[in-house]
Amino acid sequence: MARKKIQIKKIDNVAARQVTFSKRRKGLFKKAHELSTLCDAEIALLVFSATGKLFEYSSTSTWQVIERRNLESERFDRLDTIPSLELQLESSTYAMLSKEVAEKTQELRQLRGEELQGLDLEELKHLEKLLEGGLSQVTKTKDERCMKEISTLKRKGAELMEENQLLKQQMENLPHVVEAVVAHQGQSSESIAHVQRSGDPPQGYNSSDVSLRLG
């Protein structure tokens with residue numbers, strides 16, 4: 001026969017309530033002991049009866065478990081606080097950077113001659129100084145760049161003039177070289193003709209010399 005299911009609600013009869021409390025408390029402590037033994041868990045149970053009597057179970061030490069619980073609670077509280085502080089810092093930094101970007105954008109527009117209606121005389125003078133300083137820096141940079149380009153062009157011009165002078169010298173020496181070659185070829189022809197007329201090569205004559213000269 002199946003057990004009758006007990007309705008979960010407060011037991012009105014005081015004696016029955018006390019008996020149920022005693023039985024279920026023992027069962028609860030037994031389950032806690034089994035869980036601690038099987039799973040190597042650290043468990044502490046505190047139970048106060050309706051009359052205010054304390055019953056407790058602990059796998060190690062009740063106060064040790066409570067202290068560990070408090071430490072974990074403090075650690076989680078710190079972890080919850082740190083993201084909040086970081087978020088506040090990021091929000092503050094974002095607001096500061098946004099303000100700075102807006103100011104610089106406004107200043108850039110004013111430097112281009114836009115949105116000048118709301119400026120007073122002192123602000124206009126300050127803007128004028130900024131423009132003069134910027135123009136002076138731009139002019140200085142431009143002059144330095146121009147001088148650098150001029151120096152580069154002068155150096156290249158000097159190199160071209162040097163190359164031109166070298167080519168000119170080579171052209172001036174070219175006729176002398178041609179005359180020497182022609183004279184040498186004429187001497188070789190006379191030597192060959194003399195051999196043909198005499199029939200005998202001159203003293204110290206070598207046929208290889210003729211071949212080389214002809215070549």
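The basis for the numbers below is simple: all heavy atoms, side chains too, and nothing from hydrogens, waters or symmetry mates.
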Residues two or more places apart in sequence or in another chain: which of them pass side-chain hydrogen bond (donor to acceptor under 3.5 Å, both in side chains) with T60? E42

Which atom names give the shortest non-hydrogen contact between S36 and I43, and what distance separates them? N-CD1, 3.7 Å

How long is the straight-line distance from CG of D143 back to NZ of K140, given to the nearest 0.5 Å? 10.0 Å

Output for pair (S61 OG, E67 CD), nearest 0.5 Å, gives 10.5 Å

Please lay out, stage by stage, how H126 and L130 fare under the test side-chain contact (heavy atoms from CB on, under 4.5 Å). CA-CA 6 Å; H126 176 68; L130 289 178; 3.7 Å; yes

Could you give all pairs that pass the ring pair (Phe, Tyr, Trp, His ring centres under 6.0 Å) test and reach residues 35-65, with sequence neighbours left out? F21-F55

How far does NE2 of H33 sit from CG of L38, to the nearest 0.5 angstrom? 8.5 Å

Sequence neighbours left out, what passes ring pair (Phe, Tyr, Trp, His ring centres under 6.0 Å) with F29? Give chain and number order. none

When rounded to the nearest 0.5 Å, the distance separating CG of L135 from CD of E128 is 11.5 Å

Can you confirm whether N13 is buried at CG, in the sense that more than 12 heavy atoms of other residues, nucleotides or ligands lie under 6.0 Å from that atom? yes

Is a side-chain donor or acceptor of S136 paired with a backbone partner of E132 at a separation under 3.5 angstrom? no

Of all residues at least two apart in sequence or in a different chain, which pass the side-chain hydrogen bond (donor to acceptor under 3.5 Å, both in side chains) check with S49? T51

Does R17, at its CZ atom, have more than 12 non-hydrogen atoms belonging to other residues, nucleotides or ligands within less than 6.0 Å? yes

Which residues share a side-chain hydrogen bond (donor to acceptor under 3.5 Å, both in side chains) with T62, sequence neighbours left out: E56

Any donor-acceptor pair under 3.5 Å linking the side chain of S22 with the backbone of Q18? no

With hydrophobic residues grouped by side-chain heavy-atom distances under 4.5 Å, do V65 and L28 end up in a single group? no

Which side-chain N or O atoms in residues 144-168 pair as donor and acceptor under 3.5 Å with protein atoms at least two apart or in another chain?
from: S151; atom 1: OG; to: M147; atom 2: O; distance (Å): 3.0
from: T152; atom 1: OG1; to: K148; atom 2: O; distance (Å): 2.9

